[in-house]
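No hydrogens, no waters, no symmetry mates; every other heavy atom, side chains included, goes into these values. A note on names: the letters A, B, ... follow the listed sequences, proteins ahead of strands, and every chain is numbered from 1.
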Amino acid sequence: MTDLLIRNAHIIDPATNLGTQEAAPRDLLIRAGRIAAIEAPGVLPKAGEELDATGLILAPGLIDVHVHLREPGQTYKETIATGTRAAAAGGFTTVVAMPNTIPANDTVDKLHWMLSPERNAVVHLLAMPAATLGSLGEALSDYEALAKAGAVGFTDDGKPVLEDHVMRAALVAAARLGLPISQHAEDTRLTGGCSMNHGPVAFRLGLRGMTIEAESNIVERDIQLLRDIEKSDKLRPHLHVQHVSTGKAIQAIREAKQQGLHVTCEAAPHHFTLTDEALDTREKGGVAFNTNAKMNPPLRSELDRLAVIEALLDGTVDCIATDHAPHAAHEKEVEFERAPNGITGLETALGLALRILHRDHGLSLARILALMSTNPAQIIHLKDRGNLTIGSHADLILFSPTAEWTYSAQASLSKSKNSPFDGTPMLGQIHATLSEGRIVHRT
Amino acid sequence: MIHHSSLLSIDGLPITEVARILSLTARIAQMPAAERSSILAGRRIALLFYESSTRTRTSFELAAKSLGATTTLVSDKSSSIEKGESLKDTGLTLRALGAECIILRHPASGSPELLARMTGLPVLNAGDGMHQHPSQALLDLRTILTRLHLDPTTVDEQSLKGVTVVITGDIRHSRVARSNAMLLPRLGARVLLCGPEPLLPDHASTLHPSIEIVRNFDAALKQASVAMMLRIQSERLAGLQLDLAEYIARYQLNTERLAAHAPNALVMHPGPMIRGLEIEGAVADSPNSAIEDQVAHGLAIRSALLVRALGATA
Ligand SMILES: [Zn+2]
């Protein structure tokens, strides 16, 4: 592998504060897949390969702690190869696969199979195995063995760990290993037959709605468990709340953080971009019952959307995660209530974050990169990724923060095209994604 | 693309279109039967019914036949839909067999939109889940116009000015209530929604900016020119606590209540009606009742909707 010199880039690294104050261009040298040097332009000697990055931002590659890659079992929706190619196109250099595959990823063998080089992931692939066997919410999987085999946390995503005593046991077992339990916070006892957010839009459409309490009840319960475990077990469990979507749950997390509990949470781009009004756009000449806007947690009200944005601004939300959830066209072309939940998200995350959070709400580029790289790296304890420290993996993105473009679902590298953002304007364009020094995507 | 002469939801239908449908209805209703039966001669209409329905199905079927069209009924008990074929594929099959228009009744809200998008055929929504029943709203409108001695051949934004319609009962689960609450205020009517919270959440007032919620039935009835009663949809009540005796005491339209508060009000009910629950039998049979008129107007309105859907001239 020859050396690669990226010349004249505006480097931003929230982890080392590089470039967050001034914008002087620099050169970055990659040797053997790692960051070897960062210097003022012209200081480093010529390398075997060079990349001119004049006018572009060079930053740590994005890290997504929540993606569904559908392999094994549903390769008609996505494979690890296609999903990670879509990830690279979106600027992601590390993705964490959720365990709700068929069968569920709940054993060391399955985890090995998933992480094996034969799956042809083009970016760094990690996984959170199932928190309970078969994600049935009853018996814990073997956390110790799974951790040794590379698990970065445990989750039953797609559904919650509902039973109090099972969730408590999961938090305790994961705390002993220093890993998070990542919770899909939904009280499924309150959401039976519901297919969208509870509110006026659901009423108008004649659909049963999920209340915000269905989310916040579980978050509040889990926080109470943390408090209880810290007190009685002398452990410090880490709860990571997935795709938080309501102001009420966010407020519970904010207060738990103030009390010093180890809670982190993620927000998905669709929750800070869209509301449940996206399910009925007939007044604007659009369609109603758009299954490409059906997801769980559902798109919420404008108040909740603004609460998510506020929490991204004030640091209550730790990271942005896509919840990339590919589904085949024929699965979404059904009655709304029967359609599966989820949208693809890897290729639209940065463009939406820059448009909504940076341009509309003034969040700095450095903070957005922290939310999409540095912070998720910390949540799953990655030391040599998500930063531009000398010696770290050369997982990098080069992007133009001002370029405007329009997303086309058809042009997606994901096998599935189920996005509500087809034809939506995006801000900021990826020029190149490098994984361990190799260019894995170029626009 | 959705065919422009589909009727999926009442709120998407401009007032000018409502007026056109009413005048078309009046024209067809006046025609001699022989002339009427040639309007859709040789045209093929499919009725796709995923939910049983006597009234609406028969109404559409008789309307189609009276216009000379050929109809095919595909219902859940007789067909590929029982075997789990998707709505899209069933629609495409009907199209391939020559159906020029599909009338759809379906338990899932939004199904007509899906069918219309997938087939490109004109689709008439004959009731979808808890969402919409637009032909019912139109026939209710024609009934109100006729019985209140207003012009039943056209409407504008002022046509129902001074008319107060009280819709009472299980509004949460009622596509009829939703459709009427979205149509009548646009024609100038005052619409009051009435019922207990479990059957009438506060969100219902967002169906139209002028809609009011009145929990006290007697107070609402005092203002009513029209009392539209709805059935309790016990099959959809899962999880809701409802004391039927208390409901009857507070919300049943009975002779006494009608005489005391609204002796001249027009009484309507979309059916099926449960005599003795939401409405007393004697009220349903009283001179105030327009329930049979509704059925007759249903046939007339649906004839017009079919002529419109198939682009025929009448
Ligand atoms: Zn989830």
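Of the two parts of A:E333, the backbone and the side chain both hold a non-hydrogen atom closer than 4.5 Å to a non-hydrogen atom of chain B. Residue contact with chain A, scored on non-hydrogen atoms closer than 4.5 Å, involves the side chain of B:R178 exclusively. For chain B, the nearby parts of A:R204 are the backbone and the side chain; heavy atoms of each come within less than 4.5 Å. Using a 4.5 Å cut-off between heavy atoms, B:D89 does not touch chain A at all. Both the backbone and the side chain of B:I171 come within less than 4.5 Å of a heavy atom of chain A.
Considering only heavy atoms from C-beta on, A:V334 stays 4.5 Å or farther from B:K88 through its side chain. Within the 4.5 Å cutoff, no side-chain heavy atoms of A:F336 are placed close to those of B:S109.
For the atom pair B:L114 CG and A:F289 CZ, the distance stands at 10.5 Å (nearest 0.5 Å). For the atom pair CG of A:L205 and CE of B:M130, the computed distance is 10.0 Å after rounding to the nearest 0.5 Å. Remark: B:S86 OG to A:E335 CD distance equals 8.0 Å, nearest 0.5 Å.
Across every non-hydrogen atom of A:G199 and B:H203, the tightest pair is CA-CE1, 3.4 Å.
Ranked by non-hydrogen atom pairs under 4.5 Å with chain A, the options B:L87, B:L115, B:L8 are led by B:L87.
More than 12 heavy atoms of other shown residues, nucleotides or ligands fall within 6.0 angstrom of atom CD in A:E302. Counting non-hydrogen atoms of other residues, nucleotides and ligands closer than 6.0 Å to CZ of B:R20 gives a total of 12 or fewer.
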